[in-house]
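Read the structure below first, then the notes.
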Protein chains: 2
Amino acid sequence: MSDHTKFDLRDFLPYLLNQAAEMSSLGFQQYYKSQYGMLRTEWRVLFHLGRYGEMTAKDICDRARLHKTKVSRAVSALEARRFLTREQLSHDRRHEQLKLTTSGLRAFDELYLAAQKYDAEIMADFSDQEGEALRKALLKIAEL
Amino acid sequence: MSDHTKFDLRDFLPYLLNQAAEMSSLGFQQYYKSQYGMLRTEWRVLFHLGRYGEMTAKDICDRARLHKTKVSRAVSALEARRFLTREQLSHDRRHEQLKLTTSGLRAFDELYLAAQKYDAEIMADFSDQEGEALRKALLKIAEL
DNA sequence: ACCAGTCAGTTGCAGGTGAAACTAACGCGA
DNA sequence: TCGCGTTAGTTTCACCTGCAACTGACTGGT
């Protein structure tokens with residue numbers, strides 16, 4: 001039998017990452033959920049369109065590493081809330097250019113600021129070097 | 001309108017944490033999923049019972065930060081697979097002492113070793129100091 | 001002894017999610 | 001132009017999840 005006295009659950013990186021991710025996600029969730037009734041995927045789609053401009057659903061899938069079914073449903077939800085509009089491209093009607101409406105942009109602006117603030121709050125617990133090292137390490141693990 | 005040129009999605013810690021958590025979890029998932037057909041919650045329950053000995057479902061909820069419904073279903077699944085047995089405590093029949101069977105222990109031993117190895121593999125990308133700093137930072141964010 | 005409150009654990013329900021099947025549209029070779 | 005393969009996006013299905021309601025068991029005040 002293996003030695004059960006050394007390796008603890010708190011030493012297992014996937015567990016640590018999940019707990020930390022859950023904590024930080026739940027913390028920020030209140031902004032987009034309570035204010036706008038959004039889900040996380042919808043917030044991510046909104047972020048992409050607001051931050052990087054018009055694009056297709058496929059672009060969002062690739063850039064945000066989201067499954068196309070999630071994006072499809074998030075786009076429908078955001079469309080129903082009048083946060084974005086779709087426009088089929090004439091040269092290839094399979095693609096739909098997604099564009100935020102005025103209220104979509106307004107929501108994005110508020111959430112974008114909140115995200116920056118929230119990020120800064122978490123980082124406030126760390127020195128600049130620690131924070132930078134943390135980001136780098138996470139980027140490496142996420143293979144982004 | 002806010003300045004959209006600075007803060008990127010890759011700078012947003014909850015996003016980074018989620019991506020890193022997803023990556024590392026998917027990587028380890030193959031062990032308990034393909035070998036034993038387990039879900040993540042079942043693996044965590046198995047881990048607790050194997051690593052810390054007999055305990056009740058409530059204990060697992062508290063120690064693993066899992067919702068009681070998840071634990072309840074995971075226990076049922078592990079019981080169906082003959083990986084654990086329940087025993088009602090005579091002094092309080094609401095509590096059930098959970099105990100791994102021989103095959104449950106065997107599965108735990110293998111997965112426990114695999115987890116240590118997997119953790120070491122991830123950590124191989126970092127120096128000792130970096131790894132230690134990463135764990136500490138994650139523990140702080142997770143408020144464990 | 002009673003009953004209201006609480007606790008461990010389960011179940012029903014209403015979603016969210018991924019995999020796979022599907023639709024519509026495009027493109028390229030014959 | 002036909003047809004096969006591919007692509008963007010949707011839908012279906014089966015499953016996991018959280019919440020709330022529930023069951024059965026204990027507890028403490030009256």
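A, B, ... follow the sequence lines: proteins, then strands. Residue 1 opens every chain. Worth knowing before you read on, the calculation uses all heavy atoms, side chains too, and leaves out hydrogens, waters and symmetry mates.
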*Rounded off to whole Å, could you give me the CG-to-P distance for the N18(B) and dT17(C) pair?*
12 Å
Output side-chain donor-acceptor pairs under 3.5 Å for residues 131-144 of chain A, partner residues at least two apart or in another chain, one line each.
| unit_1 | atom_1 | unit_2 | atom_2 | d |
| --- | --- | --- | --- | --- |
| R135(A) | NH1 | D11(B) | O | 2.4 |
| R135(A) | NH2 | D119(A) | OD2 | 2.7 |
| K140(A) | NZ | D125(B) | O | 3.1 |

_Whole angstrom value for the distance that separates C1' of dG18(D) from CZ of R65(B)_ = 17 Å
*Protein-nucleotide distance (Q88(A), atom CD; dA25(C), atom C1'), rounded to Å*: 9 Å
*Between C61(B) and E22(B), name the one whose nearest nucleotide on DNA chain C is closer to the 5' end.*
C61(B)
_More than 12 heavy atoms of other residues, nucleotides or ligands under 6.0 Å from CD of E87(B): yes or no?_
no
*Under 4.0 Å protein heavy-atom contacts per nucleotide of nucleotides 6-16 of chain D, with B for base, S for backbone only and - for none*: BBSBBBB---S
*asked:* Can you measure L89(B) atom CG to dC7(C) atom P for me and round it to whole angstrom units?
replied: 18 Å
*Is any side-chain nitrogen or oxygen of R93(B) closer than 4.0 Å to OP1 or OP2 of dA8(C)?*
no
_Less than 3.5 Å apart, any donor N or O on the side chain of R86(B) or S76(B) sitting next to an acceptor on the other?_
yes
*asked:* Under 4.0 Å between a side-chain nitrogen and a carboxylate oxygen: does that hold for E42(A) and R81(A)?
replied: yes
_pair L13(B)-L16(B): side-chain heavy atoms closer than 4.5 Å_ = yes
*Whole angstrom value for the distance that separates C1' of dT17(C) from CD of Q29(B)*: 13 Å
*Pairwise distance CZ(F7(A)) to NZ(K117(B)) - rounded to 0.5 angstrom*: 13.5 Å
*asked:* Output the rounded distance in Å from CG (L66(B)) to C1' (dG9(C)).
replied: 15 Å
